[in-house]
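Reminder, nothing fancy here: chain letters follow the sequence lines and each chain counts from 1.
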Number of protein chains: 2
Amino acid sequence: MSDFDVFLADCPARTTLALVGDTWSVVVIVALGERPRRYSELLERIGGISKKMLTQTLHKLERNGLVEREAPVYALTDLGASLLGVVGALAGWAEEHTDALLDAQSSVA
Amino acid sequence: MSDFDVFLADCPARTTLALVGDTWSVVVIVALGERPRRYSELLERIGGISKKMLTQTLHKLERNGLVEREAPVYALTDLGASLLGVVGALAGWAEEHTDALLDAQSSVA
DNA sequence: CAGGATCCTCGAAGATACTG
DNA sequence: CAGTATCTTCGAGGATCCTG
């Protein structure tokens, strides 16, 4: 986009976020990380997701090679499974710093 | 939210994403990870961000204890710096799997 | 059951202009 | 320089109804 990459706007971390930074992708990946699942299983396992968003999220993940579909059953591809480590990093950070986050928010509120 | 946490909708990974999953937070964190910076420095270092979004993002990060402000200079807190590892994981995954991602997308396009 | 099609809302983000 | 204030657009995501 820009003349040089002196700018950070196209930081590679954002590539990953573009893939899983939306509301549901990470949750779907975690659910499929447990094991392959049928559409209806995913709906109740995840909870709170609409059918529209589940379908849409699965298709997006499929287009990007993270999920493969066979009949109504979805599973992570190897590429998708490789994301579980990243998701773990996200979750690990949140759990590790729960207290610090609550402190920070309450001291401003 | 739900009766039990049998559902994944409140997956802890989403806590982190709620913090840095937006368009600019990660980029600001990376820029401040290099060193503390003034507002105007951030604007040109990042590139493509509007003043409104920079201010807004900085304030959000400050509210959550990730960034501290002194005069017009912003810096990461320890909590903020602890996120650099997570950001690295995101960026690392993207760089490691660039080819696989391009393949997947082109084979569907 | 596994979706697709439609309509609607709401907030993220940009553009622009103004201020101490 | 370091913001604040407005206006607007655009798309994510929910709700509802329809279908093989």
Might you point out which heavy atoms bring A:L76 and A:I29 nearest each other, and give the distance in Å?
CD1-O, 3.9 Å
What's the CD-C1' distance between B:E62 and D:dA2, to the nearest Å?
14 Å
Nearest-angstrom distance from the residue atom NZ of A:K51 to P of D:dC18:
13 Å
In residues 16-38 of chain A, what residues come within less than 4.0 Å of DNA chain C, judged by heavy atoms?
A:R38
Scanning both residues in full, the closest heavy-atom pair of B:T15 with A:A94 reads CB-CB, 3.9 Å
Within a radius of less than 6.0 Å around CD of B:E70, do more than 12 heavy atoms belonging to other residues, nucleotides or ligands occur?
no
C:dG4, OP1 or OP2 - any side-chain N/O from A:H59 closer than 4.0 Å?
yes
Checking D:dG3, C:dA2, C:dG14 against the side chain of B:S50 (C-beta onward), the nearest is C:dG14
Distance, rounded to the nearest Å, where B:I49 contributes CD1 and D:dA2 contributes P
14 Å
A:E41 CD to C:dA2 C1', in whole Å, measures 13 Å
Salt-bridge test for A:E41 and A:R35: reply yes if a basic N is under 4.0 Å from a carboxylate O, no otherwise.
yes
With a 4.0 Å cutoff (strictly under), does any side-chain N or O of B:S40 reach OP1 or OP2 of D:dA2?
yes
Do the side-chain N or O atoms of B:Y74 get closer than 4.0 angstrom to the phosphate oxygens (OP1, OP2) of D:dG3?
yes
Test of understanding: clusters of I, L, V, M, F, W, Y form through side-chain heavy atoms closer than 4.5 Å, transitively. Do B:L84 and B:L79 belong to the same one?
yes
Which heavy-atom pair separates B:V73 from B:P36 by the least distance, and what is that distance?
CG1-CB, 4.2 Å
Nearest-Å distance for atom pair CG/C1', residues B:L43 and D:dT4:
14 Å
Grab the CD-P distance between A:Q56 and D:dG14 for me, whole Å please.
10 Å
Restricting to non-hydrogen atoms, name the atom on A:R14 and the atom on B:T23 that form the minimum distance, rounded to 0.1 Å.
NH2-CG2, 3.2 Å
Whole angstrom is fine here: how far is it from CE in B:M53 over to C1' in D:dC10?
14 Å
By nearest nucleotide on DNA chain C, pick out whichever of A:L58 and A:K52 is the more 5' one.
A:L58
Could you tell me how far apart A:L54 (CG) and D:dA15 (C1') are, to the nearest whole angstrom?
16 Å
